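Report on one structure; see the data block that follows.
Lettering of chains follows the sequences in order, A, B, ..., and the numbering in each one begins at 1. Note that these values count all heavy atoms, side chains included, but never hydrogens, waters or copies made by symmetry. This structure is a prediction, so every number in the text was calculated from the model and none was measured.
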Number of protein chains: 2
Amino acid sequence: MHVDASTSAAGAPDAEELPLGVLLFIPYRALEAATMDGLARAGYTDMTIAQARIAARIDPGGSRVTRLAEAAQVTKQTAGFLVEQLERAGYVERVPDPTDGRARLVKLAARGHAARQEILPALAEVEAQWLAHIGPERMAHLRETLTMLREIADPFLKDRTGLK
Amino acid sequence: MHVDASTSAAGAPDAEELPLGVLLFIPYRALEAATMDGLARAGYTDMTIAQARIAARIDPGGSRVTRLAEAAQVTKQTAGFLVEQLERAGYVERVPDPTDGRARLVKLAARGHAARQEILPALAEVEAQWLAHIGPERMAHLRETLTMLREIADPFLKDRTGLK
DNA sequence: ACCGGTAGTAAGATCATCTGACTACTATCG
DNA sequence: CGATAGTAGTCAGATGATCTTACTACCGGT
């Protein structure tokens with residue numbers, strides 16, 4: 001392989017100096033790719049990554065569009081649009097929210113549950129590879145640390161707890 | 001504040017059970033938001049987040065479009081398109097790559113460097129908040145762990161080192 | 001009852017990204 | 001040296017993702 005000036009700077013010496021944003025992007029993106037792989041392997045070719053992002057945030061008892069929007073950090077219009085697509089494809093259903101006449105709850109339909117059952121093992125597989133590479137302590141530490149960061153970095157959570 | 005069925009499930013009991021992908025998304029997204037804040041505050045209103053993602057990956061000596069595409073995990077057409085926009089806006093310049101007659105190097109122009117000087121403190125501010133919240137050990141550990149994950153999770157890096 | 005705030009939908013516009021295709025250059029091999 | 005496989009970057013067309021503005025109907029507090 002020909003090594004030229006534009007690539008020679010890409011070796012290990014840079015590894016410690018990458019911006020945190022770039023470092024966070026890589027595993028995040030890998031898990032999204034795994035999600036799409038899991039879906040594709042199971043034949044679910046009609047769910048886009050943006051839809052999957054929304055679907056992943058639907059609570060067991062159902063979630064409102066506005067809540068999904070906040071959790072995914074998109075506008076309610078975007079969330080509504082994606083929910084609409086998911087509903088059309090049979091992944092979710094929308095039912096009235098018994099506690100508020102304006103609202104509706106988005107729930108996973110059977111197809112949505114089935115798709116989730118294909119995504120989870122794909123994610124587990126990637127996480128197992130990470131576990132094998134960095135060890136169980138680091139893995140647990142990572143989850144802990146990210147959970148702590150969420151306390152101050154998640155605009156949705158800050159809104160809810162009044163920490164903002 | 002009215003607590004209803006759709007929101008009552010969002011409390012602290014769920015915190016330990018969030019998917020890793022969601023946990024990674026939150027800080028990642030926060031840093032992207034900080035980037036855009038830093039730019040806006042300095043008056044750079046003509047750089048989009050996708051452009052910023054590309055610009056962030058330009059090496060000091062310049063980078064090829066294909067390399068930027070790999071690093072940002074988009075197609076070369078997308079990278080080229082974003083570089084074109086950055087060039088038009090004066091953030092980057094493109095010069096011939098002396099080592100390959102087909103290629104060109106994308107370098108930060110003066111405006112690009114100036115914009116980067118506004119982004120960095122905005123990122124540093126957010127990271128300082130994280131540091132204050134989780135402590136220096138966890139912060140260092142996080143960077144280490146993410147750096148290790150990059151070794152196996154970064155398709156670009158795997159290509160380069162032949163680990164794939 | 002009034003009013004400020006909120007849930008969700010409509011409409012229009014822009015940004016982000018992909019696939020397929022092509023030309024020109026590079027590196028390798030016989 | 002010529003042939004060939006592979007690569008860098010550009011063109012063209014299409015689609016997905018997201019935002020802003022606006023609006024109607026419902027909710028909760030005074």
Interatomic distance, [X] [atom1] vs [N] [atom2] [rounded to whole Å]:
X	N	atom1	atom2	value
A:Ile49	D:dA17	CD1	P	9 Å
B:Arg64	C:dC25	CZ	P	14 Å
A:Leu82	D:dC19	CG	C1'	13 Å
A:Leu68	C:dA7	CG	P	12 Å
A:Met47	D:dA17	CE	C1'	16 Å
A:Arg102	C:dA7	CZ	P	6 Å
B:Phe81	D:dA14	CZ	C1'	13 Å
A:Gln77	D:dC23	CD	C1'	11 Å

If you check every side-chain atom of [X], which of [options] has the closest atom?
X	options	result
B:Thr75	C:dT19, D:dG9, C:dC25	C:dT19
B:Gln85	C:dA16, C:dT17, C:dA7	C:dA16
A:Arg94	D:dA17, C:dA16, C:dT9	C:dT9
A:Arg104	D:dA17, C:dG8, D:dT10	C:dG8

- Does some side-chain heavy atom of A:Arg94 sit less than 4.5 Å from a side-chain heavy atom of A:Leu105?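 They are not in contact (no side-chain heavy atoms under 4.5 Å apart), so the answer is no.
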- Message: On the nucleotide D:dG9, are OP1 or OP2 found under 4.0 Å from the side-chain N or O atoms that B:Thr66 carries?
- Response: yes
- Query: Any side-chain N or O of A:Thr48 less than 4.0 Å from the OP1 or OP2 oxygen of D:dG16?
  - Reply: no
- Task: Quick one: label A:Gly80 by what it contacts on the DNA or RNA (base, sugar-phosphate, nothing), any heavy atom closer than 4.0 Å.
- Result: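 Touches nothing.
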Tell me whether [X] contacts the main-chain N or O of [Y] through its side chain, where contact means a donor paired with an acceptor under 3.5 Å.
X	Y	answer
A:Arg111	A:Ala89	yes
A:Arg116	A:Ala55	yes
B:Arg143	A:Leu18	yes

- Message: Let me spell it out: for each of B:Lys76 and A:Gly101, pick the nucleotide of DNA chain D with the closest heavy atom. Which residue's pick is nearer the 5' end?
- Response: B:Lys76
- For the residue pair A:His141 and B:His141, does the interplanar ring angle fall in the parallel (under 30°), tilted (30 to 60°) or perpendicular (over 60°) class?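 The arrangement is perpendicular - the two ring planes meet at more than 60°.
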